[in-house]
Amino acid sequence: MDKLPKIGLPLILGLIVLIIFIAKSSVNIGYGEAGVLFRTFGGGVATDRSPLGEGFHLILPWNRVYVYNVKQQEIFEGKMQVLSSNGLEISLDVSVLFQPNYESLGRLHQEKGENYVNVVLIPQIRAVARSVVGRYTPEQLYSTKRDAIQNEIFDETKANVISQHIQLNAVLVRDVTLPAAIKEAIERKLKQEQEALEYEFRIAKEKQEAERRRIEAEGKANANRILNASLTNNILRDKGVEATLKLAESPNSKVVIVGSGEDGLPLILGNN
């Protein structure tokens, strides 16, 4: 009986050590996540291998795994203040869709760390947005160039961050806010331009209608000249005879006096 405590204590201690060993040696990585292995006695961050994928993994208890979200993520840089080409302050609402580069996740962790969004991505977006917007006037930003600046910000930021192990998927310029006085001036100018275009359209339409009428009148005049030139007295007399014969064949009663009309055409009296 005295031996039981002596045997039980080491066993309990062994179980405790085993539990701690298993707890330190296991890691569970959730969906849409990946793990970067850090070897405490083996050279630090494991950049020579792919990240640990989803699921349960066993590691040496003195090593450590840093878990990253590798799904597409969004950051919203609302009301970013930038300057236009003529020095006016413009406010941009910009959203960025991104994710870390999976295959180089170890390099990202080693070079930038877990705070890579604030260290790399956000400063790049702000710098590129200021550079791109500075190429345009407020009028261009308000009317026709929003898609252009969105594409330029995306292309330039993507080129800058791809070498820093970040995959940029999209840049969305949700709103461009101009100073109130500038916005009102631009709207007045656009309204005047629309009114001028409408006036030019009406003038062009009236000119087209006048040209149509002129062509129609010329066509009728030419037709009348051709018709008059082709109608001789003999033709008219023949047409009159044909009409008289058709009328004489009708069932209505009448009196026909042959040769009593003008040009010798029959004269028809009575139509009861």
Side-chain angles (χ1 to χ4, degrees), residues 30 32-38 44-48 50-51 65-187 189-190:
E33 296 179 337
V36 176
L37 178 65
F38 181 84
V45 178
T47 59
D48 56 345
S50 296
V65 173
Y66 294 86
V67 179
Y68 279 79
N69 181 356
V70 292
K71 300 188 297 293
Q72 177 170 277
Q73 303 161 62
E74 179 182 17
I75 54 173
F76 177 65
E77 281 294 289
K79 302 302 179 185
M80 185 189 304
Q81 304 302 318
V82 294
L83 298 179
S84 65
S85 61
N86 55 2
L88 292 174
E89 190 173 82
I90 310 296
S91 178
L92 293 183
D93 286 351
V94 179
S95 288
V96 181
L97 303 180
F98 72 98
Q99 59 196 104
N101 189 302
Y102 185 87
E103 291 301 325
S104 60
L105 192 60
R107 297 285 303 279
L108 175 66
H109 180 72
Q110 185 181 57
E111 297 173 11
K112 309 301 176 185
E114 295 175 285
N115 196 30
Y116 70 93
V117 172
N118 293 320
V119 172
V120 178
L121 191 56
I122 291 177
Q124 283 290 341
I125 284 291
R126 289 175 177 171
V128 172
R130 291 188 179 95
S131 174
V132 170
V133 172
R135 303 167 193 164
Y136 296 99
T137 64
E139 291 85 352
Q140 292 172 321
L141 297 173
Y142 183 78
S143 56
T144 61
K145 295 298 183 181
R146 185 173 301 187
D147 289 341
I149 66 171
Q150 178 174 282
N151 293 336
E152 289 182 29
I153 292 173
F154 171 75
D155 291 339
E156 294 184 23
T157 306
K158 182 178 180 180
N160 291 342
V161 302
I162 192 170
S163 62
Q164 302 185 66
H165 320 296
I166 300 172
Q167 177 182 315
L168 191 67
N169 297 332
V171 171
L172 306 175
V173 177
R174 301 185 183 276
D175 188 36
V176 178
T177 304
L178 304 179
I182 299 300
K183 182 179 178 181
E184 291 173 2
I186 292 173
E187 289 177 346
K189 180 181 177 181
L190 292 175

Could you list the donor-acceptor pairs under 3.5 angstrom formed by side chains in residues 164-174, with sequence neighbours left out?
unit_1: Gln164; atom_1: OE1; unit_2: Lys112; atom_2: NZ; d: 3.2
unit_1: Gln164; atom_1: NE2; unit_2: Asn160; atom_2: O; d: 3.2
unit_1: His165; atom_1: ND1; unit_2: Ser104; atom_2: OG; d: 3.3
unit_1: His165; atom_1: NE2; unit_2: Glu111; atom_2: OE1; d: 3.0
unit_1: Gln167; atom_1: NE2; unit_2: Asn169; atom_2: OD1; d: 2.9
unit_1: Asn169; atom_1: ND2; unit_2: Gln72; atom_2: OE1; d: 2.8
unit_1: Asn169; atom_1: ND2; unit_2: Gln99; atom_2: OE1; d: 3.0
unit_1: Arg174; atom_1: NE; unit_2: Ser95; atom_2: OG; d: 2.6
unit_1: Arg174; atom_1: NH2; unit_2: Glu74; atom_2: OE2; d: 2.9
unit_1: Arg174; atom_1: NH2; unit_2: Ser95; atom_2: OG; d: 3.3

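- Nearest heavy atom pair, residue Gly106 against residue Val36, reads CA-CG1, 4.0 Å.
- Note: Glu89 CD to Ser84 OG = 10.0 Å, rounded to the nearest 0.5 Å.
- To the nearest 0.5 Å, the span separating CD on Glu152 from CG on Asp147 amounts to 11.5 Å.
- Using a 30° and 60° split on the angle between ring planes, Phe38 and Tyr66 fall in the perpendicular class, above 60°.
- Within the model, atoms CD of Gln124 and CZ of Phe98 stand 13.5 Å from one another, a figure rounded to the nearest 0.5 Å.
- Within the 4.5 Å cutoff, the side chain of Ile122 has heavy atoms near those of the Arg126 side chain.
- Gln73 contributes a side-chain N or O that, together with a main-chain N or O of Lys71, makes up a donor-acceptor pair within less than 3.5 Å.
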Apply the test side-chain contact (heavy atoms from CB on, under 4.5 Å) to residues Thr137 and Ser85: give CA-CA distance (whole Å), side-chain angles for both, the deciding distance (0.1 Å), then the verdict. CA-CA 5 Å; Thr137 64; Ser85 61; 3.4 Å; yes
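- To the nearest 0.5 Å, atom OG1 of residue Thr47 and atom CG of residue Leu37 are 11.0 Å apart.
- Heavy atoms only, all atoms of each residue included: Pro100 and Tyr116 are closest at CD-OH, 3.4 Å.
- For the atom pair Ile125 CD1 and Glu156 CD, the distance stands at 10.5 Å (nearest 0.5 Å).
- To the nearest 0.5 Å, the span separating CG on Asp155 from NZ on Lys158 amounts to 7.5 Å.
- Looking at Leu83 and Val133, their side chains never come closer than 4.5 Å, going by heavy atoms from C-beta outward.
- Across all their heavy atoms, Leu92 and Ala129 have their closest contact at CD1-CB, 4.5 Å.
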